[in-house]
Protein chains: 2
Amino acid sequence: MDGTDDKDVRLRESAEKLALTLSQSGMQKTTARVMTALLFSQQETMTAGDLCEVLKISSGAVSGAVNQLIPTGMIERVPAPGSRRDHYRFREHAWATLMGNQNTLLAGMWDAAAEGIKVAGKESVAGRRLDEMQDFYGFMQREMAALIDKWREQYDSDRG
Amino acid sequence: MDGTDDKDVRLRESAEKLALTLSQSGMQKTTARVMTALLFSQQETMTAGDLCEVLKISSGAVSGAVNQLIPTGMIERVPAPGSRRDHYRFREHAWATLMGNQNTLLAGMWDAAAEGIKVAGKESVAGRRLDEMQDFYGFMQREMAALIDKWREQYDSDRG
DNA sequence: CGGAGTGTTTATAGATCTCTGAAAGTAAGC
DNA sequence: GCTTACTTTCAGAGATCTATAAACACTCCG
């Protein structure tokens with residue numbers, strides 16, 4: 001059965017496709033490629049060397065990408081007894097974490113609006129626009145946090 | 001009262017600050033600057049010429065940015081009787097529109113997961129990761145749409 | 001019609017960002 | 001404690017993106 005090789009190739013293609021999408025939405029290209037490589041991998045973990053080989057990039061690039069991904073909570077370094085190499089793995093619930101990080105952005109938007117209102121006042125041309133903006137981002141911040149909690153609960157109760 | 005000039009300067013600073021944040025989250029720098037200039041402006045609308053002057057950029061750059069912003073629904077071209085120039089304005093409810101556009105991205109994520117599962121099957125190392133991903137983005141897509149509707153209703157009923 | 005005032009397009013220049021390759025740093029095992 | 005295996009850092013090369021400026025196109029008005 002050579003279906004295995006074929007599957008791996010197709011998984012890699014899917015991974016690259018998603019990486020492209022992500023890089024178009026602001027994520028760095030190599031960072032996105034590393035992330036999707038781990039996501040679509042049939043291995044539980046991958047070493048830096050694996051990533052170099054699969055993605056055809058230098059160890060320096062892998063190091064940079066990994067150190068960008070870890071603080072976001074998307075991947076984690078996993079201890080590998082008996083190996084001197086670092087192993088990396090896509091984190092469970094990473095998506096919820098990622099979405100949760102967006103709250104920082106939402107808060108930033110709220111702050112920006114607040115700052116503008118402080119200068120212009122609510123009863124001005126800019127003030128009215130900023131007031132709607134502040135209202136929206138306040139709302140979103142609250143509701144998004146609730147939404148993520150809801151999913152976590154739901155997912156945990158469905159599958160343990 | 002020279003407070004007016006001072007306020008304008010401070011509003012411009014806030015605008016630039018937000019533009020920087022947005023450009024760090026993937027938006028093109030000039031596009032972001034044009035958007036925030038319109039958002040923080042004390043004028044109801046601005047012409048391309050106004051934007052050139054305020055942002056110190058060429059008319060070509062303004063043209064490009066504007067044509068990137070309009071399809072997203074963040075700004076609109078507004079007819080200006082008695083003037084040959086195009087006037088632009090930040091759109092009402094633009095934020096909700098922007099957030100709504102994110103649904104395309106969410107759908108793309110769901111699709112990517114589905115594609116991977118089709119290749120790998122759910123009962124595989126990659127499949128289990130992708131299954132959680134699919135679940136998450138399916139959930140988010142549904143709930144986000146509902147959330148935006150909820151805000152629209154709430155905002156409209158509060159202020160007409 | 002024709003011209004003036006604007007908006008758009010495009011080739012080029014310039015800036016920015018990111019990868020690479022190599023040297024330096026770190027830690028495990030003998 | 002030294003050697004070896006690996007990772008990180010960093011200067012420089014290369015690629016990518018983006019703004020500019022000038023040519024072109026459109027539109028309104030006389």
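Below, chains carry the letters A, B, ... as their sequence lines are ordered, and counting in each starts from 1.
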What residues form a side chain to side chain contact (heavy atoms under 4.5 Å, CB included) with A:Glu53, not counting sequence neighbours?
->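 Per chain and number, A:Glu53 pairs via side chain to side chain contact (heavy atoms under 4.5 Å, CB included) with no residue.
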Name all residues meeting the side chain to side chain contact (heavy atoms under 4.5 Å, CB included) criterion together with A:Gln134; count only those two or more places apart in sequence or in a different chain, and write none if there are none.
->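 With neighbours one apart ignored, the set is A:Trp110, A:Ala113, A:Ala114, A:Ile117, A:Asp131.
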DNA chain D: A:Ala61 or A:Lys29, which has the more 5' nearest nucleotide?
->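 Looking at the nearest nucleotide for each, A:Ala61 comes out on the 5' side.
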Taking all atoms of both residues into account, what is the closest heavy-atom pair of A:Ala15 and A:Thr36, and its distance?
->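 Nearest pair, atom of A:Ala15 first, then A:Thr36: O-OG1, 3.1 Å.
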Using a cut-off of strictly less than 4.0 Å, decide whether A:Gln28 has a side-chain nitrogen or oxygen near OP1 or OP2 of C:dT18.
->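 Answer yes for this pair, as a side-chain N or O of A:Gln28 is under 4.0 Å from OP1 or OP2.
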Rounded off to whole Å, could you give me the [atom1]-to-[atom2] distance for the [X] and [N] pair?
X: B:Asp86; N: C:dT8; atom1: CG; atom2: C1'; answer: 11 Å
X: B:Asn67; N: D:dC26; atom1: CG; atom2: P; answer: 15 Å
X: B:Ile57; N: D:dT18; atom1: CD1; atom2: P; answer: 13 Å
X: B:Met27; N: D:dC17; atom1: CE; atom2: P; answer: 18 Å
X: B:Gln68; N: C:dT8; atom1: CD; atom2: C1'; answer: 15 Å
X: A:Tyr88; N: D:dC6; atom1: OH; atom2: P; answer: 13 Å

Pairs satisfying salt bridge (Lys or Arg N to Asp or Glu O under 4.0 Å), at least one member in residues 27-51 of chain A, at least two apart =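 Qualifying pairs, neighbours excluded: A:Glu16-A:Arg33.
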Among pairs that include at least one residue of residues 65-75 of chain A, which meet salt bridge (Lys or Arg N to Asp or Glu O under 4.0 Å), considering only residues two or more places apart or in two chains?
->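 Checked against salt bridge (Lys or Arg N to Asp or Glu O under 4.0 Å) - neighbours excluded - no pair reaches residues 65-75 of chain A.
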Options D:dT7, C:dT8, D:dT20, nucleotide nearest the side-chain atoms of A:Arg77 |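 Out of D:dT7, C:dT8, D:dT20, the nucleotide with an atom closest to A:Arg77's side chain is D:dT7.
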Each nucleotide N or O in nucleotides 2-5 of chain D that has a protein N or O under 3.5 Å away: list the pair and distance.
residue	atom	partner	partner atom	Å
D:dT4	O2	A:Arg84	NH1	2.9
D:dA5	O4'	A:Arg84	NH1	2.9

Partner residues of A:Arg152 under the salt bridge (charged side-chain N to carboxylate O under 4.0 Å, His left out) criterion, sequence neighbours left out =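 So A:Arg152 forms no salt bridge (charged side-chain N to carboxylate O under 4.0 Å, His left out) with any residue.
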Qualifying ring-ring contact (aromatic ring centres under 6.0 Å, His included) pairs with a residue from residues 32-88 of chain A, counting only residues at least two apart or across chains =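 Residue pairs passing ring-ring contact (aromatic ring centres under 6.0 Å, His included), neighbours aside: none found.
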Residues two or more places apart in sequence or in another chain: which of them pass side-chain hydrogen bond (donor to acceptor under 3.5 Å, both in side chains) with B:Arg129?
->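 By the side-chain hydrogen bond (donor to acceptor under 3.5 Å, both in side chains) rule, B:Arg129 matches no residue at all.
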Which of residues 32-56 of chain B have a heavy atom under 4.0 Å from DNA chain D?
->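 Heavy-atom cutoff 4.0 Å gives B:Lys56.
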Hey, are B:Asp6 and B:Arg10 close enough for a salt bridge, meaning a charged N less than 4.0 Å from a carboxylate O?
->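 Looking at B:Arg10 together with B:Asp6, the answer is yes, because their closest N to O distance falls below 4.0 Å.
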